[in-house]
Amino acid sequence: MRKWSIMLTIVMAVAVVLSGCGSSNNGGATNNGGNALATNDGSNAGGNEATGNTGGSVKSGEVVTIRTSISDGELSKEQIAEFEKEHPNIKVEIETVDATKLAAQLATGDAPDVIRLSGVFDLPNYVIKGIALDLTDRMNVSTVLKEDDLLPITNVYRFDGKTVGAGPIYGLPKDWSNDYAIFYNKKAFEAAGVAVPDPTTPLTWPEVMDLAKKLTIKDGDKIKQYGLAANEWGKTEPNFNNLLQYLLSAGVDISMDDNGSVDFDKPEVRDYINMWVDGVKNNVGPNSVNNDQTSGGDLFFKDQAAMIIDGYWYSGAIRSNEGAKTHLADYGMLPTPIAPNGTRVAPTGGATGAIINKTSKHPDEAWTFFEWFFGGTPADDRAKAGWGLPIFKSKMDLLPKETDFDKQINTVLQDELNYTSQYLKVNPYLAGGGWSIFDKYVQPLYFGKSNLDEAIKGMTKDANVAIQEAKDAIDSQ
């Protein structure tokens, strides 16, 4: 039981962090984060068990139920009814799970057949712990999920035990986005007397922060308009996921080659933290110091935030907002910023999708549902709604292109697609837990209660303890 105690502790810690990391409405792509760490069933990464648990084979005519943690915002009752009509031997049941419940289900062998997760932050962890079914053989013969039609982003669900993007494929994204791009509000730019930057050239992150300061309007001590909202739900503060995008652009990896430890003591990490702490102290957005609890999305739509960091999926939020939809031309997207002297990258921060549970008693039926959800009618519906980017080349033309707003977004997007093939360098043993550790040591800097050396030392120590505990839990199986 000790190993499950360790894993449940890790899962609950991550759950606290991720309670603020919502996915977009209408099942849009998750922004900048993933689901919780999972537990294991005792298998090693890289195995090729394409059939899963075949015990409990289905008799002819028997109706089986496939349970999935894909949310009802991503899979409607109407879509389920369509699937069940086409496949009368399969019933689909959506099961709402949080991190703690999922960990308990995995520990007892009672987890859903199809498990929703983030490809960027969760997939390697699920593979290492033997939860994810290797789908390589099924993918190779699928007439729905054709390899030559899949975009490179799908490789984020490949993992060979060390490198994301290599080895067997264990799942697929339902959709994805260039999650660190910048959306702008022209009215807020005009209020500050600042011109909208050239959308054909990415800014550096320091340039974004300088621009945010110019766009922040104050009346005495009162802030009338912020320059930057870090995302639609959180505060304008440094965070672990955004740090990883910055480091990817800078060509820096905090993980050692064997993923056995991390080291935050890098000049680029220090530069990133200093830049964002300065932004907090200058009140360029809602933060822990000014204690503004208004969400970034609300500020953006109320013309009280000039910029917001979000991927293509946020265009869906703008299109569907009752106030914004009447003047869509006032909004637009800028390309993903880069680190100073860095390489241009526009990675996804989530690639939310799903895997098939290796212990599923009905892997064939789970695969039938999986194929349909990722490549059938739901995939077409998602693309047409514009709440995320499809994983198929052939479905890119389904994205909204009618309005001037859509055309501007798509022009920037087509350029961004040339820089989306790299993935955030996430340590598979730390995964989403990095966010809480990073916050723990950076937040005191805003209040002058710590210094950068102490913060770097503390986060490195805690991260390495978490990594070692995760590795010990796996080794003790």
Side-chain angles (χ1 to χ4, degrees), residues 10-11 13-24 27-39 68-71 73-75 96-100 102-103 106 111-112 114-129 131-132 135 151 153-159 164-165 169-180 231-234 239-245 248 310-314 346-357 370 373-374 382 387-389 391 420 422-436 438 470:
I10 296 172
V11 169
V14 176
V16 172
V17 181
L18 296 172
S19 63
C21 300
S23 63
S24 64
T30 304
N31 176 53
N32 302 350
N35 292 338
L37 297 175
T39 47
T68 180
S69 57
I70 292 170
S71 73
E74 300 162 312
L75 183 60
T96 302
V97 298
D98 59 18
T100 305
L102 180 58
L106 287 163
V114 179
I115 301 173
R116 180 188 193 273
L117 50 73
S118 160
V120 173
F121 282 88
D122 299 336
L123 190 276
N125 189 270
Y126 277 66
V127 173
I128 289 172
K129 294 179 173 66
I131 299 165
L135 303 179
L151 290 164
I153 188 63
T154 56
N155 290 327
V156 77
Y157 277 78
R158 292 184 181 274
F159 187 60
V164 172
I169 188 164
Y170 292 92
L172 287 174
K174 68 178 178 66
D175 50 28
W176 62 287
S177 286
N178 52 334
D179 286 314
Y180 303 93
N231 48 53
E232 76 283 1
W233 50 264
N239 66 64
F240 181 64
N241 300 10
N242 186 264
L243 167 66
L244 292 181
Q245 187 275 333
L248 182 66
D310 268 316
Y312 172 85
W313 74 265
Y314 201 66
T348 182
T352 302
I355 58 169
I356 294 178
N357 185 350
F370 187 95
F373 178 76
F374 287 98
R382 287 191 296 270
W387 277 89
L389 298 171
I391 62 173
T420 58
Q422 294 193 58
Y423 314 119
L424 300 183
K425 294 185 181 298
V426 178
N427 188 295
Y429 301 103
L430 185 62
W435 189 303
S436 59
F438 183 82

S.K.: Nearest 0.5 angstrom please: Asn239 CG to Asn231 CG, how far?
M.R.: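 Nearest 0.5 Å value for the CG-CG distance: 7.0 Å.
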S.K.: Using every non-hydrogen atom in the two residues, find where Val114 and Phe370 come nearest and quote the distance to one decimal.
M.R.: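 What the structure gives for the nearest pair is CG1-CD1, 4.5 Å.
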S.K.: Rounded to the nearest 0.5 Å, what's the gap from OH on Tyr312 to OG1 on Thr348? Could you check?
M.R.: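 Separation between the atoms: 14.0 Å.
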S.K.: So, for Ala111 and Ile115, which heavy atoms are closest and what is the spacing to 0.1 Å?
M.R.: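 So the two residues come closest at CB-CD1, 4.3 Å.
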S.K.: Measure across Phe159 and Val164 and return the closest heavy-atom pair with its distance rounded to 0.1 Å.
M.R.: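 For Phe159 and Val164, the tightest heavy-atom pair comes out as CD1-N, 3.8 Å.
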S.K.: State, yes or no, whether a side-chain contact exists between Leu102 and Pro112 at a heavy-atom distance under 4.5 Å.
M.R.: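 Yes, their side chains come closer than 4.5 Å.
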S.K.: Kindly compute the distance separating CG (Leu117) from CG (Asn125), expressed to the nearest 0.5 Å.
M.R.: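 If I round to the nearest 0.5 Å, the distance is 10.0 Å.
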S.K.: Just so I know, are the side chains of Leu244 and Phe121 near enough to count as touching, which here means a heavy-atom distance under 4.5 Å?
M.R.: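 Yes, close enough: below the 4.5 Å cut-off.
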S.K.: Compare every heavy atom of Pro428 with every heavy atom of Pro124, then report the nearest pair and how far apart it is.
M.R.: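 What the structure gives for the nearest pair is CB-CB, 3.6 Å.
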S.K.: Donor-acceptor check, side chain of Asn155 to backbone of Arg158, threshold 3.5 angstrom: yes or no?
M.R.: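 It does not hold such a pair.
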S.K.: At what distance, to the nearest 0.5 angstrom, does CD of Glu74 lie from OG1 of Thr68?
M.R.: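 The CD atom of Glu74 sits 8.5 Å away from the OG1 atom of Thr68.
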S.K.: Side-chain contact, heavy-atom cut-off 4.5 Å: Thr352 with Trp313?
M.R.: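 Not touching, per the 4.5 Å side-chain cut-off.
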S.K.: Considering non-hydrogen atoms only, spot the tightest contact between Trp176 and Ile153 and give its length.
M.R.: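 Closest approach of Trp176 to Ile153, heavy atoms only: NE1-CG2, 3.5 Å.
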S.K.: Apply side-chain contact (heavy atoms from CB on, under 4.5 Å) to Pro347 and list each qualifying residue two or more places apart in sequence or on a separate chain.
M.R.: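 Only Tyr180, Gln245, Leu248, Val345, Leu424 meet the side-chain contact (heavy atoms from CB on, under 4.5 Å) criterion with Pro347.
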S.K.: Mind checking the OG1-CG spacing from Thr420 to Leu389? Nearest 0.5 Å is all I need.
M.R.: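 Those atoms lie 8.5 Å apart.
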S.K.: Is there a donor-acceptor pair under 3.5 Å between the side chain of Tyr157 and the backbone N or O of Gly353?
M.R.: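 Looks like yes, one N/O pair under 3.5 Å.
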S.K.: Taking Thr154 for the side chain and Leu172 for the main chain, is one N or O donor matched with an acceptor at less than 3.5 Å?
M.R.: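 No: the side chain of Thr154 does not pair with the backbone of Leu172.
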S.K.: So, taking the atom named CG in Leu123 and the one named CD1 in Ile355, what distance separates them when rounded to the nearest 0.5 Å?
M.R.: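 If we round to the nearest 0.5 Å, Leu123:CG and Ile355:CD1 are 7.0 Å apart.
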S.K.: So which atom in Pro173 and which in Val156 form the shortest heavy-atom distance, rounded to 0.1 Å?
M.R.: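 Closest approach of Pro173 to Val156: CG-CG1, 4.4 Å.
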S.K.: Donor-acceptor pair, Ser177 side chain versus Asp179 backbone, under 3.5 Å?
M.R.: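 Judged by distance alone, no pair lies under 3.5 Å.
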S.K.: Under 3.5 Å, side chain of Arg382 to main-chain N/O of Asp175, donor-acceptor pair present?
M.R.: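 Flag not set: sc Arg382 to bb Asp175 has no pair under 3.5 Å.
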